[in-house]
Amino acid sequence: DGLSVRINFTPDFKKPPLHYWLTAGALAVMDDRMAAARLWSLLFGAGCIMATAWVASGVVGRGAILAPIISAVLVASCVHLWRSSGAALLDTGMAFFALSGVGCILRARADSRWWLGWGAASACGALHKAGLALPYGALTVVALWPEFAASRFWRTRGFWFGLCVAGAGF
């Protein structure tokens, strides 16, 4: 049963299940069990590089291209990222969802529909390992408060839908 997370061969929901569900799906379609177990951590590690560039482009604006490239290269050169990615650790997925959540919030300054993306990243992060997208999102809003307060984001449907999606994941 690929949907049941087991600890010591008994079903248990103490661990967030998303990574285990993804790995069970990979094990069902791949012959190499070691590769299937490490696939998602490696994909999330590569996603961290892309999400870092996406966050950097959200910080510096549309016209700048150098900051996202440099950010991606710096993250790609991190030895710990590749060790975690190759060791089937859940840290890369946690970092990916947290970075994606921040990137969505940066985009929500211009289009409130991105709050739904933040909610999805927060929910997936909570189901993966830890809900770090939620506090990182709150810190992003606090850091950019004058800009967010002027947009009155709390009055948009996108914000409330995103908050509901995040709450469902938690």
Side-chain angles (χ1 to χ4, degrees), residues 13-22 40-87 89-170:
F13 201 70
K14 290 180 183 174
K15 291 188 177 192
L18 181 62
H19 191 85
Y20 300 100
W21 291 340
L22 293 171
W40 290 103
S41 292
L42 186 60
L43 290 176
F44 285 134
C48 283
I49 297 167
M50 292 183 280
T52 300
W54 192 52
V55 167
S57 71
V59 169
V60 297
R62 288 184 174 211
I65 191 166
L66 194 56
I69 292 171
I70 291 172
S71 300
V73 168
L74 285 173
V75 171
S77 68
C78 179
V79 174
H80 183 69
L81 173 71
W82 296 113
R83 283 186 186 148
S84 294
S85 297
L89 297 177
L90 279 66
D91 299 342
T92 55
M94 176 186 63
F96 171 73
F97 290 121
L99 285 166
S100 297
V102 170
C104 287
I105 287 179
L106 292 172
R107 295 320 183 273
R109 295 179 294 179
D111 184 358
S112 67
R113 292 177 291 186
W114 281 103
W115 285 108
L116 188 58
W118 165 79
S122 296
C124 288
L127 287 172
H128 188 269
K129 181 177 180 179
L132 289 181
L134 186 66
Y136 285 172
L139 287 173
T140 304
V141 170
V142 168
L144 300 171
W145 181 250
E147 191 174 343
F148 277 107
S151 70
R152 298 182 184 205
F153 67 93
W154 58 87
R155 292 187 179 179
T156 64
R157 281 190 205 165
F159 172 74
W160 290 106
F161 284 139
L163 199 59
C164 288
V165 170
F170 277 88

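For the pair Y136 and I105, the minimum side-chain heavy-atom distance is 4.5 Å or more. Within the 4.5 Å cutoff, the side chain of C78 has no heavy atoms near those of the W82 side chain. Side-chain contact between L106 and L144 is present, with heavy atoms from C-beta onward closer than 4.5 Å. Side-chain contact between F148 and V142: absent, with no pair of heavy atoms (C-beta onward) separated by less than 4.5 Å.
Every salt bridge (charged side-chain N to carboxylate O under 4.0 Å, His left out) that R109 has, sequence neighbours left out, goes to E147. Residues passing the salt bridge (charged side-chain N to carboxylate O under 4.0 Å, His left out) test with R113, sequence neighbours excluded: D111.
Between atom CG of residue L74 and atom CD1 of residue I69 there is a gap of 12.0 Å, rounded to the nearest 0.5 Å. A distance of 13.5 Å separates CZ of F44 from OG of S84, quoted to the nearest 0.5 Å. Between atom OG1 of residue T92 and atom CG of residue L81 there is a gap of 7.0 Å, rounded to the nearest 0.5 Å. Note that the CZ atom of F97 and the SG atom of C48 stand 9.5 Å from one another [nearest 0.5 Å].
For F96 and H128, the ring centers are positioned 6.0 Å apart or more.
Nearest heavy atom pair, residue A56 against residue S71, reads CB-OG, 3.5 Å. Nearest heavy atom pair, residue S85 against residue S41, reads O-CB, 3.4 Å. Here the closest non-hydrogen pair linking H19 and L89 is CE1-O, 4.5 Å. What you find for L132 and A98 is that their closest heavy atoms are CB-CB, 4.2 Å. Here the closest non-hydrogen pair linking A108 and W115 is CB-NE1, 3.5 Å.
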Steps toward side-chain contact (heavy atoms from CB on, under 4.5 Å) verdict (S57, R107): CA-CA 10 Å; S57 71; R107 295 320 183 273; 2.8 Å; yes

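Atom CD1 of I65 sits in a sparse spot, with 12 or fewer heavy atoms from other residues, nucleotides or ligands closer than 6.0 Å.
At distances below 3.5 Å, at least one donor-acceptor pair connects side-chain atoms of W40 with backbone N or O atoms of L22.
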Between side-chain atoms of residues 155-170 and protein atoms elsewhere (two or more places apart, or another chain), which donor-acceptor pairs fall under 3.5 Å?
residue, atom, partner, partner atom, Å
T156, OG1, F153, O, 2.8
T156, OG1, F159, N, 3.3
W160, NE1, W154, O, 2.5

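There is no side-chain donor-acceptor pair under 3.5 Å between R152 and S112.
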